[in-house]
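Working notes, structure below.
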There are 2 protein chains.
Amino acid sequence: MNIRLYNARIYDPCKKEQIMRGEVRIQDDKIFSVIREGDEPDEGFVPDREIDCAGNLLMRGFNDAHTHSAMTFLRSLADDKPTPAWLREDVFPVEARLTDDDIAAFQKIAIMEYVSGGICSVMDMYLRPDVTAEVFSSAGMRAVIVSGLNDFTSSTSQMEDEYKRLNFYHPLISYKMGIHAEYTCSEGLLREVSGLVKQYGASFYCHLSETLSETRECFEKTGMTPFEYLDSLGLFEHGGGIYHGVHLTSDEIRLLAEKNVSVVINSASNCKLASGIAPLKELTDAGVNIGIGTDGPASNNSLDMFREMYLTSVLCKIRESDAACLDAVSILDMAVSGSAVCMGFDDPCVIAPGNRADIIMIDMHKPNMQPENNIIKNIVYSGNPENVIMTMVAGKILYRNGEYFLGFDPEEVYSDCEARLKALTGN
Amino acid sequence: MNIRLYNARIYDPCKKEQIMRGEVRIQDDKIFSVIREGDEPDEGFVPDREIDCAGNLLMRGFNDAHTHSAMTFLRSLADDKPTPAWLREDVFPVEARLTDDDIAAFQKIAIMEYVSGGICSVMDMYLRPDVTAEVFSSAGMRAVIVSGLNDFTSSTSQMEDEYKRLNFYHPLISYKMGIHAEYTCSEGLLREVSGLVKQYGASFYCHLSETLSETRECFEKTGMTPFEYLDSLGLFEHGGGIYHGVHLTSDEIRLLAEKNVSVVINSASNCKLASGIAPLKELTDAGVNIGIGTDGPASNNSLDMFREMYLTSVLCKIRESDAACLDAVSILDMAVSGSAVCMGFDDPCVIAPGNRADIIMIDMHKPNMQPENNIIKNIVYSGNPENVIMTMVAGKILYRNGEYFLGFDPEEVYSDCEARLKALTGN
């Protein structure tokens, strides 16, 4: 299908003139051409569909580098509680009863929230990767599935099997090796995983240094900080990423840069669970690649990249007591291409011919985008999901003006989920 | 005009069963009756208009207890800068050139942003209170105007004149005595204001203890902290409120409670300018009334009470290292009735007969409001302005489903503001 998006403004972070007027032409899942206003259009492109963008902004969509989509079922179920009690009393007991169909249903709510807020892809860690692969690919959304292996769930042979299968399952789906976290895996298990990482030349991902107690316990047990410990076992031989990274030492930050390991910032979740504020300035100064993730709706509780960008920006300013710390363009870049790098995408996050047609349209006619003193700052400091009026993934429009094109009906999903929740929680 | 809002869910924070199904009947600017589903409707109410709420939630609207509406012209004009440079280089020079018509035009953008995000009233401090009174009352929005008197702008006689006039100008408008801040007023001026406060029995408002340097300088100059100093001059004899209150001592917090002075939390602005995190837990423990304000778009940069509620909640958790600190209901209460108390409204912020018809409708059919494990937590932790699908002030619908009923055209306001900005900044 050929789509022509005309009368647009187009954001290209790599160009000096970052925003230009013109049109974007899509062929199937890729960007075919980008035509500046006044330039001659390329010949031989016959659009099947033409969309007047009314001067609104086209940009590459957000990539959510850490989430647990199915956990919508836990949204607002337990908040304002200490984390251990929250996990023990509210999360684990319900999770133990989840069926594949439950997971699929709860993921659909998340997918609606992602696409209506301009998120084109997610890096998702949860039970039953096969369900995730099926649900996301059917909806037309991009997902990088990460193993959440630990002493109680999954196994290295299962992970190996998933790695071999799911990386060839569907063009929208990829799979990465990973574990839940250092503190939920025995050293034996970690050594097994390390063997697979080396065998396949695989990048590796996990939750790391989210809480202070977790880093202390690791040090007491191993004499090393969590990243040093996992790295000593060879897990980051081929790069990868860590989620949260709130309590990192300067040595760990140097090592992260050296090993080409990304850090995914989860600002909302880290605040809401009172885990702390990540050392973002030190990380960027050290040259570590930064992605941004929403984390799951159990702890955040929304899946809103605008709120995440804002929080990531202002928490850095408050941590450093410096209003000049990190500019808006850098923050937007983390939410788009920083996340993409972490997720292992080889596609540059730029609207240019040959690149992925993962594009969103920002409504510039809303009052929070006015006046247009600086469009990127407007997006990062004033934007919210209401500003997203179109989300396209791989050339397919999944969301436009409040309507979803995901192959399922929102109201049916809501009532299905409510019924499943009743059955699961007995309320 | 009689309006019937039926097939709704209605939030009443004072009832044990906080959310009930039923309908709300509006007569002119007041709530006429609230009818629980299944109960007999009251006779003699003939609606001029009936709105099917489709199971969505009706609640009292947000009250924004501190803002500078006209400063939309500075949105994204200068960010990521230290505060003094930002004020000196970007704010003051442009402000000096503003005309009444400029202020009116820029305020209209803010009003659209308020009502589309569920804000029914604001406490606004800016130049030319008469302009503010005219613009807000014409649009149908409620405003409490606060004098921003200082050594360079306005005078006590002007404030006295405005106090006497604007409190009788229009039912939607009231006026409070105030100053910009301790550090922009001489002691002579403060004593004059204190005289007026006593003469009229007026509550008093100002920016206070926003930055550490400001509190230090006050102490060096007067031997007192800012609140102690202003209180020693008798300014808070009849209560009032302070904006920001980031750097408060325990003695000041006790004194605030004793003097019945509200603190307005401005989380986004305080983070973005790296001012700090207010001691919210200590303030609530001491029994101080708390309102929430967006502050102006120059420093925030959006006028979004959802983001403000979220930030206020999670910053408190992070400051106290306690995920259980302050629950969602308390936060929502600050944004609605805490702000209203600070603003001097005598109307209880409950949907009940005789109360003000300042009501918003929250769309429960959006994915971020699903599932409905806990509706109030969904609003506070997952909500965003997109969830607001109707805003009614004084019985008049000002916003519904993306459309504004404010007496002006959004696109005309945008282009008018762009033209004015060009003239002001020379760009």
Side-chain angles (χ1 to χ4, degrees), chain A residues 72-77 79-83 86 109-110 112-113 116 268 271-274 276-277 297 300-304 307 310-311 313-315 317-318 320-328 365-368 370-374 377-378 381-386 410-411 414 417-418 421, chain B residues 72-77 79-83 86 109-110 112-113 116 268 271-274 276-277 297 300-304 307 310-311 313-315 317-318 320-328 365-368 370-374 377-378 381-386 410-411 414 417-418 421:
Chain A
T72 50
F73 76 100
L74 287 166
R75 169 150 50 207
S76 301
L77 194 63
D79 299 278
D80 314 323
K81 269 192 178 184
T83 314
W86 169 76
I109 292 182
M112 285 191 271
E113 203 175 344
S116 62
C271 281
K272 189 153 168 291
L273 299 179
I277 301 173
N300 183 322
N301 301 355
S302 82
L303 303 168
D304 172 355
R307 193 167 80 182
Y310 190 80
L311 272 169
S313 163
V314 300
L315 291 175
K317 292 176 191 300
I318 207 95
E320 307 296 330
S321 298
D322 177 10
C325 186
L326 274 183
D327 63 13
H365 299 268
K366 291 273 187 323
N368 65 336
Q370 293 289 331
E372 295 184 356
N373 289 320
N374 183 313
K377 287 183 182 178
N378 277 356
Y381 295 137
S382 303
N384 69 58
E386 192 169 20
E411 292 301 322
Y414 299 157
C417 286
E418 290 288 353
L421 258 168
Chain B
T72 50
F73 76 100
L74 287 166
R75 170 150 49 206
S76 300
L77 195 63
D79 299 279
D80 314 323
K81 270 191 180 184
T83 313
W86 169 76
I109 292 182
M112 284 192 270
E113 203 176 342
S116 62
C271 281
K272 189 153 168 292
L273 299 178
I277 301 173
N300 184 321
N301 301 349
S302 81
L303 302 168
D304 172 355
R307 193 166 80 181
Y310 190 81
L311 272 168
S313 162
V314 300
L315 291 175
K317 293 177 192 297
I318 207 94
E320 307 296 331
S321 299
D322 176 10
C325 186
L326 274 183
D327 63 13
H365 299 268
K366 291 271 189 321
N368 66 335
Q370 294 287 332
E372 295 184 354
N373 289 320
N374 184 312
K377 287 183 180 176
N378 277 356
Y381 295 136
S382 303
N384 69 57
E386 192 170 19
E411 292 300 322
Y414 300 157
C417 287
E418 291 287 351
L421 258 168

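Each chain gets a letter, A, B and so on, in the order the sequences are listed, and its residues count up from 1.
In terms of heavy-atom pairs under 4.5 Å with chain B, the best-connected choice from Thr72(A), Asp327(A), Ile109(A), Asn368(A) is Asn368(A). In terms of non-hydrogen atom pairs under 4.5 Å with chain B, the most contact-rich of Gln370(A), Lys366(A), Met112(A) is Gln370(A). Contacts with chain A were tallied for Ser116(B), Gly276(B), Cys417(B), Ser313(B); Gly276(B) has the most, counting heavy-atom pairs under 4.5 Å. Annotation: maximal heavy-atom pairing with chain B below 4.5 Å, among Asn300(A), Leu326(A), Leu273(A), Ile277(A), occurs at Asn300(A). Between chain B and the options Glu411(A), Glu386(A), Glu418(A), heavy-atom pairs under 4.5 Å are most frequent for Glu386(A). By number of non-hydrogen pairs under 4.5 angstrom with chain A, the leading residue of Ser302(B), Ala110(B), Ser76(B) is Ser76(B). With respect to chain B, the highest number of heavy-atom pairs below 4.5 Å among Leu311(A), Asn374(A), Leu315(A) belongs to Asn374(A). Contact tally against chain B (heavy-atom pairs below 4.5 Å) for Gly383(A), Ala323(A), Ala274(A), Ala328(A): the top residue is Ala323(A). Taking chain A as the reference chain and counting heavy-atom pairs below 4.5 Å, the highest number among Asn301(B), Asp80(B), Asp304(B), Asp322(B) is found for Asp80(B).
The closest donor-acceptor contact from the side chain of Asn373(A) to the backbone of Phe73(B) lies under 3.5 Å. Judged by distance alone, the side chain of Asp79(B) and the main-chain N or O of Lys377(A) form no donor-acceptor pair under 3.5 Å.
For Arg307(A), the part sitting under 4.5 Å from any heavy atom of chain B is the side chain, from C-beta outward, and nothing else. Using a 4.5 Å cut-off between heavy atoms, Pro410(A) does not touch chain B at all. Residue contact with chain A, scored on non-hydrogen atoms closer than 4.5 Å, involves the backbone and the side chain of Ala268(B) alike. Interface residue Tyr310(A): only side-chain heavy atoms are found under 4.5 Å from chain B. For Glu320(A), no part sits under 4.5 Å from any heavy atom of chain B, backbone or side chain. Proximity to chain B (any heavy atom under 4.5 Å) is shown, for Glu113(A), by both the backbone and the side chain. Residue contact with chain B, scored on non-hydrogen atoms closer than 4.5 Å, involves the backbone of Leu74(A) exclusively.
Minimum heavy-atom separation, His365(A) to Tyr414(B): O-OH, 2.7 Å.
Interatomic distance, SG of Cys271(A) versus NZ of Lys317(B), reported as 10.5 Å (0.5 Å rounding).
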